[in-house]
Every structure is written in structure tokens, then in C-alpha cells.
Amino acid sequence: MRGKFITVEGPDGAGKTTQITRLSEHLMGQGKKVKVTREPGGTLLGEKLRDLLLFTENPVPEAEALIYAASRAQLVKNVILPALSEGYVVLCDRFVDSSLAYQGWARGLGIDEVLKINKWFLKECWPDLTILLDIDPEVSLKRLKGEKDRLEMENMEFHKKVRQGFLKVHKSFPDRIVIVDAAKSPEQIFSDILQAFDKRL
Ligand code: TYD
């Protein structure tokens, strides 16, 4: 039986990683097989591309979209699809909606254009559920600790566009994407995620 594919999206500092850890522990506690992965990354090639994407000179937006897509294609074929066919619940920290919001909207490439590149290889690998942790970047960016990566160093205007981009993407996929208010406490956010999970899956 095919497993379930869940993605968690949101602006930088929205708290995705904390919530994914909690969700994975919760699901494993219910006896489910869980695989946690992330984008960009999750494969050997993907982790190398992640380094290129986050810590080198600015690629042009088109190159940026294609490198994120390359990392995703590798992850889909080598990790996500095999795990789903073995019945795993796959939890992915960011997926295609990040490309639509960051490259499609905030970088100005066009959401439909970036969707087209991704549709080429995504085929049957669309998430069953996407949790969008929505938060004002004025709040979320203050939560970031440690060295900032290339995208985190973008200005506030860029981060506001990213948030706007995610909300636009939600309008295109209202059945798949559930918005959760990420300004709440981690406990409340988790309870909202579980509610979405029980309702949609
Ligand atoms: P992420 O690993 O989520 O960073 P962090 O854990 O520090 O939040 O993602 C790295 C950055 O890559 C993040 O700023 C968002 C960006 N990104 C895109 O621009 N496009 C994409 O398709 C993906 C997957 C991520």
C-alpha cells in the first residue's frame, strides 16, 4: 500500500524543523514507519547542491530554480517514491511549493513557469498534504540563530514576497495545502498540525 507524503513549508524561521521532529515522533509512537527528509538535500547529490545553493555566489534566478529542481528530482526518484511504495509516511522539510514561492514569486520567474519545470519530473509524486506554516517574516527572521545562508541574508522585502508567494500558491492548491498560524506557541502549532492531519488524511 502506498504510504503518505507530507510536506512542511513556510518562510525562513517559521519553525518547520521543530514541528517535523514532533510530528515524526508522534507518528512513530502510533507504530507508523516514518522517513524524514529535507530540501534542498536528502541525497548525496542533493546535499552537494545544497552547499552550492546556500553558500556560494548568487546564481541567476533561472539557474537557482533549476538547481533546486535537480536536487528535488534526485530526492523524488531515489528516496521519496521508494519509501512511499514501502508504505512509509514521508515527511519532507520543504518541497515544490518553496520553489514556487521563492523562485516563482519572490525572484519573479513566474509561479506557472517554475511549476512547469517541476511538473516535468514530479508526475505522480505530489504531496498528499502540505502544512504551510504562515508567519510575518518580521517575526520569524528574529528567531534565526547562527550563520545565515544566502537566502536568509536577503532583505525584508524579499522575505515579504516569499510569504505572499506561499499564500498565492495556497490559492492554487487549496485542497492540498493547509495554512497553520506559526506565530502561535510551538504546542498550539503542533496541535493545529495534528488537527489538519486527522481531517485530511
Ligand atoms: P532550509 O533548509 O529550509 O533552510 P532553513 O532550515 O535554514 O530554514 O532551506 C534553505 C533555503 O532554500 C531557504 O531559504 C529556502 C530556500 N529554497 C528555495 O529558495 N527554493 C526551494 O525550492 C527550496 C526547497 C528552498
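Each ligand, and each atom within it, is numbered from 1 in the order the structure gives.
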Is it the case that [X] and [Y] place a side-chain donor and acceptor less than 3.5 Å from each other?
X: Thr43; Y: Gln74; result: no
X: Arg72; Y: Ser99; result: yes
X: Asn118; Y: Tyr68; result: no

Any atom of ligand 1 sitting under 4.0 Å from a heavy atom of Arg72? yes
Hey, does Arg150 sit under 4.0 Å from ligand 1 if you only count heavy atoms?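 No.
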Within a distance under 4.0 Å of any heavy atom of [X], pick out the atoms of ligand 1 and give their elements.
X: Lys16; value: 3 (O), 8 (O)
X: Asp12; value: 8 (O), 13 (C), 14 (O)
X: Leu151; value: 14 (O), 19 (O)

With a 4.5 Å cut-off on side-chain heavy atoms, are Ile193 and Leu133 touching?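 Side-chain contact under 4.5 Å: yes.
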Is there a side-chain contact between Thr7 and Arg94, using heavy atoms and a 4.5 Å cut-off? no
Among all protein heavy atoms, pick out the one at the shortest distance from [atom]; state its residue, atom name and that distance to 0.1 Å.
atom: atom 7 (O) of ligand 1; answer: Glu152 OE2, 2.7 Å
atom: atom 20 (N) of ligand 1; answer: Gln103 OE1, 2.8 Å
atom: atom 24 (C) of ligand 1; answer: Glu39 OE1, 3.4 Å
atom: atom 2 (O) of ligand 1; answer: Arg50 NH2, 2.8 Å
atom: atom 9 (O) of ligand 1; answer: Arg94 NE, 3.2 Å
atom: atom 22 (O) of ligand 1; answer: Ser99 OG, 2.5 Å

Criterion salt bridge (charged side-chain N to carboxylate O under 4.0 Å, His left out) on Arg163 and Asp12, from CA distance to verdict: CA-CA 10 Å; Arg163 182 190 195 190; Asp12 294 279; over 6 Å; no
Between Val169 and Phe158, is there shared hydrophobic-cluster membership here, with clusters defined by ILVMFWY side-chain heavy atoms closer than 4.5 Å?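 Yes, it is one cluster - the side chains of Val169 and Phe158 are joined through contacts under 4.5 Å.
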Apply the test salt bridge (charged side-chain N to carboxylate O under 4.0 Å, His left out) to residues Arg2 and Asp128: give CA-CA distance (whole Å), side-chain angles for both, the deciding distance (0.1 Å), then the verdict. CA-CA 11 Å; Arg2 186 187 186 268; Asp128 297 296; 3.0 Å; yes
Kindly give the heavy-atom pair with the smallest separation between Ala69 and Ile117, and that separation in Å. CB-CG2, 4.3 Å
Taking non-hydrogen atoms only, is Leu54 closer than 4.0 angstrom to ligand 1 via side chain, backbone, both or neither? side chain
Look at atom 21 (C) of ligand 1 and find which of Tyr68, Phe95, Tyr102 reaches it with the closest heavy atom. Tyr68
